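First up is the structure itself, then whatever we jot down about it.
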Amino acid sequence: MVQVRLKDGSVREYPAGSTVLEVAKSISQGLAREALAGKVNGKVVDLNYPLQEDAALELLTFNDEEGCAVYRHSSAHVLAQAVKRLFPEAKLAIGPAIQDGYYYDFDVPQPFTPVQLEQIEEEMNKIIKEDIPFKRLEISRPEALGRFQNQEELYKVELINDLPEDAVISCYQQGDFEDLCAGPHVPSTGRLKSIKLMSIAGAYWRGNEKNKMLQRIYGTSFPKKALLDEHLFRIEEAKRRDHRKLGAELDLYSIQEEGPGFPFFHPKGMILRNELENFWRLEHKRRGYQEIRTPVILNRGLWEQSGHWDHYKENMYFTKIDEGDYAVKPMNCPGSILVYRAKMHSYRDLPLRWGELGLVHRHELSGALHGLMRVRCFTQDDAHIFLLPSQIKEEIIGVIDLFDYFYNTFGLQYHVELSTRPEKSMGSDEIWEMATNSLRDALEAKQVKFKINEGDGAFYGPKIDFHLTDSLGRTWQCGTIQLDFQMPEKFELTYVGEDGQKHRPVMIHRVVFGSIERFIGILTEHFAGAFPVWLAPIQVRVMPITDKHHEYANTVVKKMQELDIRVELDARNEKINYKIREAQTQKIPYMLVIGDREMEQGAVAVRQRGKGDIGAIQVEEFINTVQADIKNKTIF
RNA sequence: GCUGCUAUAGCUCAGUAGGUAGAGCGUAUCCUUGGUAAGGAUAAGGUCACCGGUUCAAAUCCGGUUAGCAGCUCCA
C-alpha cells in the first residue's frame, strides 16, 4: 500500500502501482472525468502514471494552469498528426502550449494556405473522433536518435542531441504518429473537444533569424464549445477595443511617418496624460516623495560608469556636442544618482524618495513598434529611493501599498511575480540572497501571493513585477520594484551614519504606471475608450434642442466651466438624435439635453453613458453628481 | 532587424485586360427648429505613399525606399 496525500491535506491509502486516474476515480467520478493529468510531488505526470511509493498528489483539470497546458500540448500533437497525415513530407520542429492555445512549427516546401488550414482542422477533428490513446515510451538516447533519423525528422535529432546527459528521453505515440516529447499528455485524443486553428505565420527554427524559416500554425482548444466561443468573442472584442483604433477615433494621439515610434499627443490625449500625472503627483506627495527632473542628454562618461554603455548600447541614441560624445537617456537612474551626489547626506535624511516623470528614448526594432504599447520614447513614472539597508522591508511595503492603491483606482486586478538572480549579473551571492529575501519578506508581510520567476531579475538586482489584468482578462506588466546594490557601488554613493563614517546606501527603482504612454493604451483598451469621468477628455456635453435654448444652455455651460468641469456646448444646427449619436460614439460620460421643459425649470435632462436617459434634475444637483464622480474617481 | 502582406479624399473602402479616379461617412454652405443613436439639398476635397524603370501611355506592371499590419526576437 502507498499513502497518498491529497490537495485538501487528507491522506488515503492505495495499493502500490495504482494510477493517478484510479485515485481520481476513488475521489469522485466528476473529478475523474475532468482530470487531465496529475501532479506527483510537484511533477506533472500522465493519468496512467503508477504510484509506487508514498506521494503528494494533485489532480489537474483544465482550470489549472498546468492542466490547461497539458490539454493544449496534446492538441498540438493532434495538429502535428493531422499535418503528417495530409502532408507526409512535412518535418516536425516543436509544438508547445502557449498562453491562449498552442502552436506547432513545420518545415514544409510551400507555406500553408487558409484552405489547407481548414483541411488540417477537419483532420484533427477526425483524429479526436478516433479517440486514439497517447502512449508514453521511455527510450535510450541511441534508440531515440535512431528512431528519428529513420523518420528523417532532423529537427528532432537536433533536439535530442541538445538534451542534457542525464535527461530521460521519452516519446509519445498516438496510433501511427510519434513525437519526441517529455509529456505528459491527456490519456487519448478523444479527451479533446473544441479545437480551432487560428493562423499561420513564419517563425525561425529556434527563434534565430539565421536559421531556416518554418511555418507555424497557431491553434487553440477548450473542453467545451462555449469556452471556445467565449475565447473567439474576446478576440473580436479586443479588436474593437484596440487602442490604435480608438486612439484615432477619440482623437487622443497619432503616430506619423515623420516619427515612427514617437507618438504625438493631441489635446484630448493630453487631458488624459495630465490627469494621470496630477493623480500621480498628489499620491506621491502624500507618501513622502519629492519630485526631480533630470536632463535628457548626458555625456558618455556617465553612461560608461553606469554600465549602460556596455550593456545597453544597442538600444541607445547618441549625439555629439562640441566634439564630446553624448547619449539620450534610456533610463532615469543615472540622472537621479547625480542629484544624490550633488550633496552630502546624513542617515537622518534617508529614505529619500525622488520621483521623476522622465522622458526616455530607446531604440526598439522597427518590427516591434505597436501603437502606444511599444514606442521609442516614453515617460516613465519613475522613482528612486535611497535608503539604509535596514529600511528595505518597510520601504518595499510602502511601495506595494502605493501600487495597490493605484491599480484599484482603475479597477485593474493584478498578480505579482518575484524575479531572482539571472545568469548574467553583477554582485556577490550574499548580496543577492539578502536582496531577494528582503523582497520576499515584504511580500509575505503584506500577505501578497506571488509567483517566483527564477533567473528573471535585472542584472543589478532582483525585482517584483506587477502584472495587471484588464477587462478582457489580458495581462500587462506595468509596475516593477527593483532592488539595487550595484549602482550605489559604481557611483560610490554614501551617507554619513551615526558613527560619523561614510556608508553605502541601497537604491530602489520603481515605476507604477510603467510608461504613461503604455498605461494610456492599456486604459483605453480596458475601458474600451469609455473613460471614467475624472479621466474623460470631455466630461459633459450640453445639447440644446433648438437655437431658442442656446442662451440658457450657455449659462449651464458657463457654470460648469467655472468649476473646472470639462464641458462642451453642441450648438450645431442638428437634430437632437444626431447630437446624441455623436456624443455616444465619442463615449462622453454625460449628455445634457436642454429644451423648453428644462429651460422653464432651471433643469437639465441627463443622459448617462451606458444607462441612457435618466431623467431631468436641477442644474446644481447635476453639478454635484459630476463633481462627486470626479472626486471619487467613479467607474461606469 | 528578419519573413510575409498592405499603402487610392480627413476616415472606411470600391475601381481599372495599362488610356491621368468613385461611394459612404466627415467638412462647408443653404433649407429644415427637430425631445434621447444618422432630416434634406448643393459644394469643396486626391500628383492614387515616395523614388526610379518598362511603355506611345503607369494609380494599375517591375525594382527600390518609407511607413503600417501579422508573426519571430525583445521589452516599460
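Source: prediction; values computed, not measured. Reminder, nothing fancy here: chain letters follow the sequence lines and each chain counts from 1.
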Assess the pair A:F466 and A:H415: is the distance between their ring centroids shorter than 6.0 Å? no
Expressed in whole Å, how much space separates the P atoms belonging to B:U73 and B:A67? 23 Å
Taking all atoms of both residues into account, what is the closest heavy-atom pair of A:I588 and A:I538, and its distance? CG2-O, 3.7 Å
Look at A:H370 and B:C69 and indicate whether a side-chain polar atom (N or O) is within less than 4.0 Å of OP1 or OP2. no
Separation of B:C74 P from A:D456 CG (nearest whole Å): 11 Å
Return the nearest nucleotide to the side chain of A:Q380; candidates are B:G68, B:A76, B:C72. B:A76
How would you summarise protein contacts on nucleotides 34-42 of chain B per nucleotide, using B for base, S for sugar-phosphate only and - for none, with heavy-atom distances below 4.0 Å? BBBBBS---
Roughly, in whole Å, what's the span from CZ in A:R273 to C1' in B:A76? 13 Å
Using whole Å, what does the distance between atom C1' of nucleotide B:G1 and atom CZ of A:R376 come to? 10 Å
Can you name the one residue among A:R510, A:R293, A:K329 that meets salt bridge (Lys or Arg N to Asp or Glu O under 4.0 Å) with A:E356? A:K329
Which whole-number value in Å describes the distance from A:E314 CD to B:C75 P? 12 Å
Mind checking whether A:F106 and A:Y104 have parallel, tilted or perpendicular rings, split at 30° and 60°? parallel
With a 4.0 Å cut-off on heavy atoms, is A:R374 in touch with a base, just the backbone sugar-phosphate, or nothing at all? base
So, the side chain of A:E283 versus the backbone of A:W280: is there a donor-acceptor pair under 3.5 Å, distance only? no
Base, sugar-phosphate alone, or nothing: which one does A:R510 contact when heavy atoms must sit under 4.0 Å apart? nothing
Can A:E395 and A:R353 be said to form a salt bridge (Lys or Arg N to Asp or Glu O under 4.0 Å), step by step? CA-CA 10 Å; A:E395 198 56 32; A:R353 307 186 185 98; 2.5 Å; yes
Distance check needed: B:A76 C1' versus A:Q482 CD, whole Å only. 10 Å
Below 4.0 angstrom, which residues in residues 515-524 of chain A have at least one non-hydrogen atom near RNA chain B? A:S515, A:R518
Rounded distance (Å) that lies between atom P of B:G4 and atom CG of A:D105: 17 Å
Are the charged groups of A:R240 and A:E236 less than 4.0 angstrom apart, N to O? no
Looking only at side-chain N and O atoms, does A:R216 come under 4.0 Å of OP1 or OP2 in B:U3? no
Among the candidates B:A67, B:A76, B:C72, find the nucleotide nearest to the side-chain atoms of A:E257. B:A67
Please work out if A:V360 contacts a base, only the sugar-phosphate, or nothing of the nucleic acid, heavy-atom cut-off 4.0 Å. nothing
Quick check for you: to the nearest 0.5 Å, what is the distance between A:F519 atom CZ and A:F513 atom CZ? 5.0 Å
By the 4.0 Å heavy-atom rule, please label A:Q477 as base, sugar-phosphate, or nothing. sugar-phosphate
Check this for me: A:E237, atom CD, are more than 12 non-hydrogen atoms of other residues, nucleotides or ligands nearer than 6.0 Å? yes
